[in-house]
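Only one structure is covered here, and it is reproduced in the block below.
Values in this document were obtained by computation on a predicted structure and should not be read as measured data. Chain A is the first sequence line, chain B the second, and so forth, proteins listed ahead of strands; every chain is numbered from 1.
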Amino acid sequence: MQQVFTKAMARNIFLGGAGFFLVIYLLLAYDSFQQIPIRDHAVNLTPSVLRGKYLFDTNDCIGCHTVNGEGAYYAPELGNVYKRRGPDFIKAWIRSQPSGAPGRRQMPNFHFNDDQLNDVTAYLQWLSNIDTNKWPPNIEG
Amino acid sequence: MNYQSQRVAKPYFIAALGLFVGQIVFGLIAGLQYLNGTFLFPALPFDVVHMSHTNLLIVWLLMAFMGAAYFIVPEEAQTELYSPKLALITFWVFLAAGAVTILSYLFVPYTQLAAMTGNAVLPTMGRGYLEQPLPIKVGIVLVALSLLFNVTMTLIKGRKTSINFILVGSLWGLALLFLPAFYFPQDTVKASFGWWWVVHGWVEGDWELILGALLGFILIKMTGVDREIIEKWIYIIVAMTLISGLVGIGHHYYYTGAPAYWIWLGSIFSALEPIPFMLLIAFSFKTLLQRRREYPNKAAMLWAMGTPIMAFLGAGLWGFMITLAPVQYYIHGTNFTAAHGHLAFFGAYAMIALAIISYAMPLLRGRIANSMVAQRWEMTGFWVMTTSMIGITLALTGAGIVTAFLQRAAEDPMGFMQVQDKARVFFWIREFFGASFFLGLLIYLRSFFFAGEYEYANEMKQALSK
């Protein structure tokens, strides 16, 4: 048995298999990058949306929340929050934090001005229009 | 220990264990915040605790992997490390960078940290596991380059073994796969797609190669089984890792905006990802049965045998349960994923790190194995930590299932916070097992504070008198 299947053969399976599937993956990734801007409506990435995204990232929103299921599981999904709550609720909510209700999970106040609130909301609106293959199953995220 | 320069591994291992303690402390705080949302707020908001917990995990595992590399590469190459001094300087740089990172999370608001460190010039912050400010990310690259230079030069000048090729090759892979951390496009879907190059590329690809190399090395040493047989196994195992895992990355692309064909491709290939872990179990137990000697370090053997089993459960089984697209449709982004993450990180990577530390630390301290008293403490630590992590995993799995039923699959779905209240009992169970995990860690650490080594004569006499 040992003579039939040598270490060199095992190594070649490793190198050949890894190389083959890496090429396959890279081709698929290339194709995905062509389709993503259509699926997520990248044309709508306005300066306001991008400013909102920068605020979103630099305040570590995904340290508690998820976006399309990715992030932390301490607070609600934000990928579809625009559709779930609407712009006015979102702005009022962010402004009123933290609730201070005893024992309830707390969200910090990020001291956004009105322009910044509009930007963050615009980003959340952009997120809510991504084609995510019909995920989440319902509006609750 | 055959080469003086292997000694540089010691500070890496000690620091790894220190950072491990920090990781668990933040884990306990985060778990308490699930139960009492105002705990330590606003001093320590949940996201800060969370990023400290996950970043410390990465840093301590990298510390342990680097220590392992500095220990193994010279031994395999049968030559001294190219530059022990560089390895030592790199250690202090890496430790300082890790400490500065965590302290800056704790004491500087994240927005301010971003503003202070040039994030506006090249945005990289605000992604899971990759929260570090830009200068720290650059520092990580420099540390990696220093490690790669040192081990590659050692490899070149010495004996070339397959273990060393896989180990050094996977360290190159680790460094290369970190580079997408600097690619943070403004298109969130592309950003998420590329984020997985780092995260999936590490934990479901490259790190499995490191795991294979480390386990192969210590089993060659402890069992005396022919190197040719062990290295052949390792090649097959890591081949299966990449054959399944490269396209298997598609299981992260189902519902994040990527094209729909990933639903098929990701399901098929990621369903194969448990195979390398099954092979790992078959390999280690076959090797154990064929052992040509009784290695006196029983604790190291326990870690080495526990790793493939727990890695299979956490990465293989728990991963498989949530990987198929129709299942993930309801489970994606719930605590079921966190359950898988905990058992996989612990079972595969924390345990292989503890296995190599268990094997190498006695040698670094001038003995083949610790005294039986010390080993018993260590093995008790093994069992308490391992069973506790299974408890944490089951609790988080329960919480995830509650979300799946009440929030995702229900006719009349409940809101997020309402569902979290329903899952409260599971968060209590998780915290209970978190505390017992911490106890297990303390028991484990206690084992380092016994003087004396394993004495054959004494142990034999005791064994015979029974």
Side-chain angles (χ1 to χ4, degrees), chain A residues 2 5-7 10-11 13-14 17-18 21-22 24-25 28-29 31-33 35-37 39-40 42 45 50 53-54 56-64 66-77 98 102-106 108 110 127 130-133 135-141, chain B residues 33-34 36-38 41-42 45-48 50-51 110-111 114 119 123 125-128 131 162 186-190 192-193 228-229 231-232 235-236 238-239 242-243 246-247 249 253-260 263 265 329-330 332-335 337-338 407-409 413-417:
Chain A
Q2 230 164 303
F5 189 71
T6 62
K7 189 171 86 180
R11 186 193 60 214
I13 292 174
F14 165 62
F21 283 102
L22 181 62
I24 299 280
Y25 174 74
L28 289 165
D31 180 71
S32 294
F33 268 62
Q35 294 197 38
I36 284 170
R39 296 174 60 91
D40 67 12
L45 286 169
L50 293 177
K53 177 195 155 39
Y54 192 79
F56 191 92
D57 293 332
T58 50
N59 284 287
D60 194 38
C61 297
I62 54 88
C64 294
T66 48
V67 171
N68 296 333
E70 292 175 352
Y73 312 137
Y74 193 68
E77 166 67 32
R104 193 183 161 85
R105 295 180 195 177
Q106 296 297 308
F110 298 108
L127 283 179
I130 298 170
D131 179 355
T132 53
N133 296 325
W135 195 88
N138 62 64
I139 197 68
E140 293 298 344
Chain B
Q33 290 182 328
Y34 263 83
N36 178 358
T38 40
F41 185 89
F46 177 82
D47 74 299
V48 172
H50 177 253
M51 71 170 99
Y110 199 67
T111 333
N119 190 60
M125 292 170 71
R127 296 205 274 180
E131 292 94 345
S162 298
Q186 294 182 317
D187 184 322
T188 300
V189 177
K190 284 185 182 173
S192 153
F193 199 94
E228 287 297 306
I229 297 172
E231 289 179 336
K232 187 160 60 181
Y235 269 130
I236 290 299
V238 296
L242 296 184
I243 288 169
L246 276 161
V247 181
I249 195 175
Y253 296 161
Y254 301 156
Y255 308 120
T256 55
I263 286 179
L265 287 170
Y329 188 66
Y330 297 104
H332 181 49
T334 70
N335 272 306
T337 311
Q407 187 183 325
R408 295 280 172 74
M414 287 184 192
F416 178 89
M417 280 311 298

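Using a 4.5 Å cut-off between heavy atoms, B:Met125 touches chain A through its backbone atoms (N, CA, C, O) alone. Looking at A:Gln106, both its backbone and its side chain come within 4.5 Å of chain B, counting heavy atoms on both sides. With a 4.5 angstrom heavy-atom cutoff, A:Tyr54 touches chain B only via side-chain atoms. Both the backbone and the side chain of A:Asp60 have a heavy atom closer than 4.5 Å to some heavy atom of chain B. Of the two parts of B:Pro413, the backbone and the side chain both hold a non-hydrogen atom closer than 4.5 Å to a non-hydrogen atom of chain A. With a threshold of 4.5 angstrom between heavy atoms, A:Pro98 approaches chain B through side-chain atoms but not through N, CA, C or O. With a 4.5 Å cut-off on non-hydrogen atoms, B:Met417 touches chain A through its side chain but not through its backbone. For a residue to count as touching a neighbouring chain, one of its non-hydrogen atoms must lie under 4.5 Å from one of that chain's; by this rule A:Leu22 touches chain B with backbone and side chain alike. Only the side chain of B:Phe41 comes within less than 4.5 Å of a heavy atom in chain A; its backbone stays farther off. In this structure, chain B has heavy atoms under 4.5 Å from both the backbone and the side chain of A:Ile13. Using a 4.5 Å cut-off between heavy atoms, A:Ile24 touches chain B through its side chain atoms alone. Only the side chain of A:Leu127 comes within less than 4.5 Å of a heavy atom in chain B; its backbone stays farther off. Contact of B:His332 with chain A is made through backbone and side chain together, with heavy-atom distances under 4.5 Å. Contact annotation for A:Arg39: only side-chain heavy atoms (C-beta onward) come within less than 4.5 Å of a heavy atom of chain B.
The shortest distance between side-chain heavy atoms of A:Arg11 and B:Ser162 does not fall below 4.5 Å. Counting heavy atoms from C-beta outward, A:Tyr73 and B:Thr337 have side chains that approach closer than 4.5 Å. No side-chain heavy atom of B:Phe416 sits less than 4.5 Å from a side-chain heavy atom of A:Glu77. Between A:Pro37 and B:Lys190, the closest side-chain pair of non-hydrogen atoms falls below 4.5 Å.
Atoms NZ and CD, from A:Lys7 and B:Glu228 in turn, are 4.0 Å apart once rounded to the nearest 0.5 Å. The OH atom of B:Tyr110 sits 12.0 Å away from atom CZ of A:Phe110, with the distance rounded to the nearest 0.5 Å. We find the CG-CG distance between B:Leu265 and A:Leu28 to be 6.0 Å, quoted to the nearest 0.5 Å. Atom CD1 of A:Ile62 is separated from atom CE of B:Met51 by 8.0 Å, given to the nearest 0.5 angstrom. The CG atom of A:Leu50 sits 8.5 Å away from atom OG1 of B:Thr188, with the distance rounded to the nearest 0.5 Å.
Contact count against chain A (heavy-atom pairs under 4.5 Å) is highest for B:Met414 among B:Met414, B:Glu131, B:Arg127. Residue with the most contacts toward chain A among B:Ala338, B:Ala114, B:Ala260: B:Ala260 (heavy-atom pairs, distance under 4.5 Å). Most heavy-atom pairs under 4.5 Å with chain B: of the set A:Ala18, A:Ala72, A:Ser32, this distinction falls to A:Ser32. Highest contact tally toward chain A, considering only B:Ala409, B:Pro45, B:Gly128, B:Gly415, is held by B:Gly415 [criterion: heavy-atom pairs under 4.5 Å].
Pairing each heavy atom of A:Phe21 with each of B:Leu242, the nearest pair is CB-O, 4.3 Å. Closest of all the heavy-atom pairs between B:Phe46 and A:Cys64 is CD2-SG, 3.7 Å. Contact between A:Ile36 and B:Pro259 at its shortest, heavy atoms only, is CG1-CD, 4.5 Å. Contact between A:Ala42 and B:Asp187 at its shortest, heavy atoms only, is CB-OD2, 3.9 Å.
Ring geometry for B:Phe193 versus A:Phe33: interplanar angle over 60°, hence perpendicular rather than tilted (30 to 60°).
Only one option out of A:Thr58, A:Asp57, A:Asn59 pairs with B:Thr111 in a side chain to side chain donor-acceptor pair (under 3.5 Å); it is A:Asn59.
Using a distance-only test at 3.5 Å, with no hydrogens or angles considered, a donor-acceptor pair links the side chain of A:Trp135 to the main chain of B:Tyr329. At distances below 3.5 Å, not a single donor-acceptor pair connects side-chain atoms of A:Thr132 with backbone N or O atoms of B:Gly257. With hydrogens and angles disregarded, a donor-acceptor distance shorter than 3.5 Å links the side chain of B:Lys232 to the backbone of A:Phe5. B:Arg408 places a side-chain N or O within 3.5 Å of a backbone atom of A:Gly141 that can act as its donor or acceptor partner.
A:Tyr74 and B:Asp47 share no side-chain donor-acceptor pair at under 3.5 Å. For the residue pair B:Thr256 and A:Glu70, no side-chain donor N or O sits within less than 3.5 Å of a side-chain acceptor on the partner.
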